[in-house]
2 protein chains.
Amino acid sequence: MGVTKSDKFTQEQNELSIMVKALGHPARIAIIEHLLKVNSCICGDIVGALPLAQPTISQHLKELKNAGLVKGDVEGTSVCYCIDEKGFEKIKSFFDTVHSILQEKKDECC
Amino acid sequence: MGVTKSDKFTQEQNELSIMVKALGHPARIAIIEHLLKVNSCICGDIVGALPLAQPTISQHLKELKNAGLVKGDVEGTSVCYCIDEKGFEKIKSFFDTVHSILQEKKDECC
DNA sequence: TTTATATATTGCAATATTACGATTAAAAGA
DNA sequence: TCTTTTAATCGTAATATTGCAATATATAAA
C-alpha cells in the first residue's frame, strides 16, 4: 500500500531508518559530499554544484534537515547549510555496532 | 517524476545510495538486527519474528540481497539468510570517512 | 518604495514503494 | 506419485517519492 507500518516497529528502528533513508538518494549523498568538501559551510551554491533544478535541491535539503543530517542558518537572502554532526553520529554508531558484532562471530555464517 | 536521475551522479554515489536506501525501512533494519541476534545464520523464521506477512518479508529480503547486504543459501525447502559483510563494510567506510572529515574541521561551521 | 536576489512552496505528472492475498515453484517425506 | 512445507512471484491497491515550472516569500539594495 505504499505505507510503511511504522507502528509495528520500535522507535529506534523507525528513527534510524528515517535518517538512513534520507541518505538513500544520490543527490542527497552528493549534497553531503559537497558540504564536506567546501570547508566552511556553504549556502545555496549547492544548486550550482548539482545537476538538478533549484526547487528539487531545496526539497532534498528539506528532507536532510528533517532527518537531522543538515542544519540551515538564514543569512540575509541566502541560507547557510551545513552538516549536523549529531545525526551522523547516530548513524555511525549503528554501523559500528553491526561491525563489531560481525567481528565477534566471524565465520559462523554461510 | 518519481524517477531518480542516476545518470547525473557518479557510480559511487549511486551505488552507495542504493545500499543505504535498502536500509531505509524499519522492517529491513529489523531483519538485519534479527540476523545479528541469532548467532548462527537464520532461515525463514524471520517471518515468525517480524509483524509482516511472508510475501512482504520475502520482498524485503530480496531488496537487501540486491543491495548486497544479505546472502541467501538454499537448504532443501528452506533458505538460510545471513548478513553479507562486504556490503556493510562499504557503508561503514563512508560513515567513517564522514566522521573523520568532521573531526578535522571541528568548529568551522554553524 | 521599488527592484533584485535567493530560497521555499505549490501543484502536478511520472514513477516507485509498500503490503498482502492468491498462486506458483521446488524440494522432502509419506 | 501425492502431499506437505517453505519461500518466491504475480497482481493489485494505496501511498510515497522525484523532479520541475510556476509562483510565493523574504531580505537586501537602490
Side-chain angles (χ1 to χ4, degrees), chain A residues 1-9 13-14 17-31 34-35 41-67 69-82 110, chain B residues 1-9 13-14 17-31 34-35 41-67 69-82 110:
Chain A
M1 312 161 174
V3 70
T4 297
K5 298 202 159 174
S6 314
D7 55 309
K8 306 257 188 170
F9 300 99
Q13 287 166 340
N14 283 309
S17 70
I18 286 169
M19 291 201 294
V20 166
K21 186 178 185 178
L23 289 172
H25 191 290
R28 295 193 290 264
I29 293 282
I31 288 172
H34 184 77
L35 289 176
C41 62
I42 250 296
C43 314
D45 59 358
I46 300 170
V47 173
L50 295 206
L52 294 172
Q54 180 267 319
T56 307
I57 288 174
S58 183
Q59 200 174 275
H60 283 308
L61 283 166
K62 191 182 179 184
E63 281 181 61
L64 288 168
K65 220 162 112 185
N66 289 342
L69 297 173
V70 141
K71 293 181 288 190
D73 267 28
V74 179
E75 286 183 2
T77 35
S78 53
V79 176
C80 175
Y81 276 104
C82 53
C110 323
Chain B
M1 312 158 173
V3 70
T4 298
K5 297 202 158 175
S6 314
D7 54 309
K8 305 257 188 168
F9 301 98
Q13 287 167 339
N14 283 311
S17 70
I18 286 170
M19 291 201 294
V20 166
K21 186 178 186 178
L23 289 172
H25 190 289
R28 296 193 290 265
I29 294 283
I31 289 173
H34 185 76
L35 289 176
C41 62
I42 250 296
C43 315
D45 60 0
I46 300 169
V47 173
L50 296 207
L52 293 172
Q54 180 266 318
T56 308
I57 288 175
S58 185
Q59 200 173 274
H60 283 307
L61 282 167
K62 190 180 177 186
E63 280 180 63
L64 287 169
K65 221 161 110 185
N66 289 342
L69 297 172
V70 142
K71 292 180 287 188
D73 267 27
V74 179
E75 285 183 2
T77 35
S78 53
V79 177
C80 173
Y81 276 104
C82 54
C110 320

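Sequence lines set the chain letters: A, B, ... in the order given, protein chains first and strands last, and positions in each chain run from 1.
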task = Looking at every strand, decide which applies to B:Ser58 at a 4.0 Å heavy-atom threshold: base, sugar-phosphate, or nothing.
result = base
message = Using 0.5 Å steps for rounding, measure from the CD1 atom of A:Ile46 to the CD1 atom of A:Ile57.
response = 7.5 Å
Does [N] have its OP1 or OP2 closer than 4.0 Å to a side-chain nitrogen or oxygen of [X]?
| X | N | result |
| --- | --- | --- |
| B:Lys21 | C:dA16 | no |
| A:Lys8 | C:dA19 | no |
| B:Tyr81 | D:dT6 | no |
| B:His60 | C:dA19 | yes |

ask   = Starting at the 5' end of DNA chain C, which residue's closest nucleotide do you reach first, A:Thr4 or A:Lys62?
value = A:Lys62
note = Contacts of B:Val74 and A:Lys65 projected onto DNA chain C by closest heavy atom; the upstream (5') one is A:Lys65
State which of [options] makes the closest approach to the side chain of [X].
| X | options | result |
| --- | --- | --- |
| A:Thr56 | D:dA26, C:dG21, D:dC20 | D:dC20 |
| A:Ser78 | C:dA6, D:dT6, D:dC20 | C:dA6 |
| A:Gln59 | C:dC20, C:dT15, D:dC20 | D:dC20 |
| A:Val79 | C:dT7, C:dC20, D:dG19 | C:dT7 |
| A:Ala53 | C:dC20, D:dC20, D:dA7 | D:dC20 |

Measure from [atom1] on [X] to [atom2] on [N] and round the result to the nearest Å.
| X | N | atom1 | atom2 | result |
| --- | --- | --- | --- | --- |
| A:Ile57 | C:dA6 | CD1 | P | 14 Å |
| A:Leu52 | C:dT7 | CG | P | 16 Å |
| A:Leu23 | D:dT17 | CG | P | 15 Å |
| A:Glu75 | D:dA28 | CD | P | 11 Å |
| B:Glu63 | D:dA7 | CD | C1' | 17 Å |
| B:Ile18 | C:dT17 | CD1 | C1' | 15 Å |
| A:His25 | D:dA16 | NE2 | P | 18 Å |
| A:Asp73 | C:dA6 | CG | P | 18 Å |

query = Looking at C:dA8, does its base get a donor-acceptor pair with the side chain of A:Gln54 below 3.5 Å?
reply = yes
Heavy-atom check, side chain of B:Asp7 versus side chain of B:Asn14, under 4.5 Å = no
key: Validation row: B:Asn66, B:Ile18 side chains within 4.5 angstrom (heavy atoms)   = no
query = Which residue lies toward the 5' end of DNA chain D, A:Thr77 or A:Arg28, if each is placed at its nearest nucleotide?
reply = A:Arg28
inquiry  = Both B:Leu61 and A:Pro55 contact DNA chain D. Which one's nearest nucleotide lies toward the 5' end?
reply    = B:Leu61
message = Give me the atom names and distance for the closest heavy-atom approach of A:Val20 to B:Gly24.
response = CG1-N, 3.9 Å
message = If I compare all heavy atoms of B:Thr4 with all of A:Pro26, which pair ends up nearest, and what's the gap?
response = CG2-CG, 3.6 Å
query = Quick one: side chain to side chain donor-acceptor pair (under 3.5 Å) pairs with a partner in residues 46-61 of chain B, sequence neighbours left out?
reply = B:Arg28-B:His60
